[in-house]
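Below, chain A is the first sequence line, B the second, and so on; all start at residue 1.
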2 protein chains.
Amino acid sequence: MAYRAMTEELHAVLAAEGREPLRPAHGYTFRFLLDRDDVSIVDLAAHLGVTKQAASKIVAELEGWGYVDRRPHPTDGRSRVLGLTPKGRSYVDHANEQWALVEDRWAELIGADRLEALRNDLRAYVEASGGRAALRPVW
Amino acid sequence: MAYRAMTEELHAVLAAEGREPLRPAHGYTFRFLLDRDDVSIVDLAAHLGVTKQAASKIVAELEGWGYVDRRPHPTDGRSRVLGLTPKGRSYVDHANEQWALVEDRWAELIGADRLEALRNDLRAYVEASGGRAALRPVW
DNA sequence: CCTTTCTGGACAACTACGTTGACCAGTTTA
DNA sequence: TAAACTGGTCAACGTAGTTGTCCAGAAAGG
């Protein structure tokens with residue numbers, strides 16, 4: 001419920017700004033592309049825990065909105081390199097700021113030290129059960 | 001990720017026992033029926049955050065597997081009262097035990113006091129944002 | 001080299017699980 | 001006692017994933 005409530009709080013803010021109807025999958029895609037500049041559709045699919053076909057659809061949407069572009073791979077003629085456009089980059093920055101505000105409100109509630117402890121405790125569990133869980137919820 | 005990992009751990013155990021392919025929605029339904037004995041389809045739908053049609057389908061499945069039954073309402077001729085069968089009840093007990101084991105392993109990792117603190121901190125956030133979040137994830 | 005095998009990606013058809021819409025029988029209100 | 005409301009079902013549709021098939025380019029083996 002906490003996870004849901006936080007996500008909803010963020011999406012409510014973004015939706016109120018009249019953005020495209022972005023879903024969590026888009027957010028995870030943004031973050032993944034932000035760090036790296038050699039991501040293929042297959043890489044993204046593995047990261048999201050979906051098939052490459054599904055990843056392809058997601059990218060197609062984001063490309064249509066001008067957040068992501070596909071450039072030809074420098075050496076591999078089959079592959080395309082995914083990247084954020086300037087518009088995509090500024091969107092991520094904005095979303096990160098809003099997310100920080102959500103966390104801040106929580107920190108006010110329970111204390112920054114408790115929030116930090118919580119982060120560590122959650123991480124401990126995830127790492128103990130294989131390092132990474134799939135992002136996509138079951139239900 | 002922690003939420004996902006815990007859910008997956010539980011479902012892996014249950015699936016290994018050769019159970020029907022139960023999904024989180026079924027688990028939430030079980031818990032809801034366990035506490036009360038005057039639940040209608042509409043009540044369940046509200047609890048799960050889905051339409052009554054969707055709730056009806058879920059109940060139909062559970063009824064088919066013999067976990068849930070629908071009895072006529074004592075006074076209201078339109079309504080049906082949902083309830084767990086003995087089989088359903090024993091399943092819930094079993095699942096609860098397994099869930100406790102999952103939590104225990106976490107408690108060993110970070111300490112029982114930290115787990116308790118975490119529970120409280122999560123609850124604090126959920127209650128601050130409206131008391132209850134929808135169970136069903138967005139993605 | 002040139003053939004065989006492998007891999008990134010796209011298109012199409014299908015499935016799961018929800019939705020909206022229409023309806024009926026029974027209950028409540030006026 | 002007629003009108004409005006409510007619990008439940010059936011049917012049609014939508015969304016977001018899946019599997020299945022294929023192609024062009026890359027890697028591997030004689």
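- The distance from atom CG of B:L22 to atom P of C:dC17 is 12 Å, rounded to the nearest whole Å.
- Looking at B:E61 and B:R23, a side-chain N of the basic residue comes within less than 4.0 Å of a carboxylate O on the acidic one, giving a salt bridge.
- Between D:dA27 and A:R78, no contact under 4.0 Å exists linking OP1 or OP2 to a side-chain N or O.
- Looking at heavy-atom distances under 4.0 Å, A:T51 makes contact with a base.
- For A:Q53, counting side-chain heavy atoms from C-beta on, the closest listed nucleotide (D:dG8, C:dA10, C:dG8) is C:dA10.
- Between C:dG8, D:dG8, D:dG17, one nucleotide has an atom nearer to the side chain of B:S40 than all others, and that is D:dG8.
- Using the six-membered ring where Trp is involved, B:H26 and B:W65 have ring planes that are perpendicular, over 60° apart on the 30 and 60° scheme.
- Distances from the side chain of B:I41 to the nucleotides C:dA10, C:dG18, D:dT9 place D:dT9 closest.
- Checked against D:dT9, C:dG26, D:dG17, the side chain of B:D76 finds its nearest nucleotide in C:dG26.
- Whole-Å rounding puts the B:L62 CG to C:dC17 P distance at 12 Å.
- Between B:V39 and A:E61, the residue anchored nearer the 5' end of DNA chain D, judged by the nucleotide with its closest heavy atom, is B:V39.
- For A:K52 and D:dG17, the NZ to C1' distance is 16 Å, given to the nearest whole Å.
- Regarding contacts with the backbone of D:dG8, a side-chain N or O of B:S79 is found under 4.0 angstrom from either OP1 or OP2.
- In this structure, the CG atom of B:L44 is 12 Å from the P atom of D:dT9, given to the nearest Å.
- Between B:R4 and B:E9, none of the side-chain N atoms (NZ, or NE/NH1/NH2) sits under 4.0 Å from a carboxylate O, so this pair counts as no salt bridge.
- Side-chain nitrogen and oxygen atoms of A:R80 include none within less than 4.0 Å of the OP1 or OP2 phosphate oxygen of C:dT7.
- The NE2-P distance, from A:H73 to D:dA24, rounds to 20 Å in whole Å.
- Set against C:dG18, C:dG9, D:dG8, the side chain of B:V42 has D:dG8 as its closest nucleotide.
- A side-chain donor-acceptor contact under 3.5 Å links A:T85 to the backbone of A:G66.
- If you measure from atom NZ of A:K57 to atom C1' of D:dT19, you get 11 Å, rounded to the nearest angstrom.
- Ring-plane geometry between B:Y67 and B:F30 is classed as perpendicular, the angle between the planes exceeding 60 degrees on a 0 to 90 degree scale with a lower cut at 30.
- OP1 or OP2 of C:dA10 has at least one side-chain nitrogen or oxygen of A:S56 nearer than 4.0 Å.
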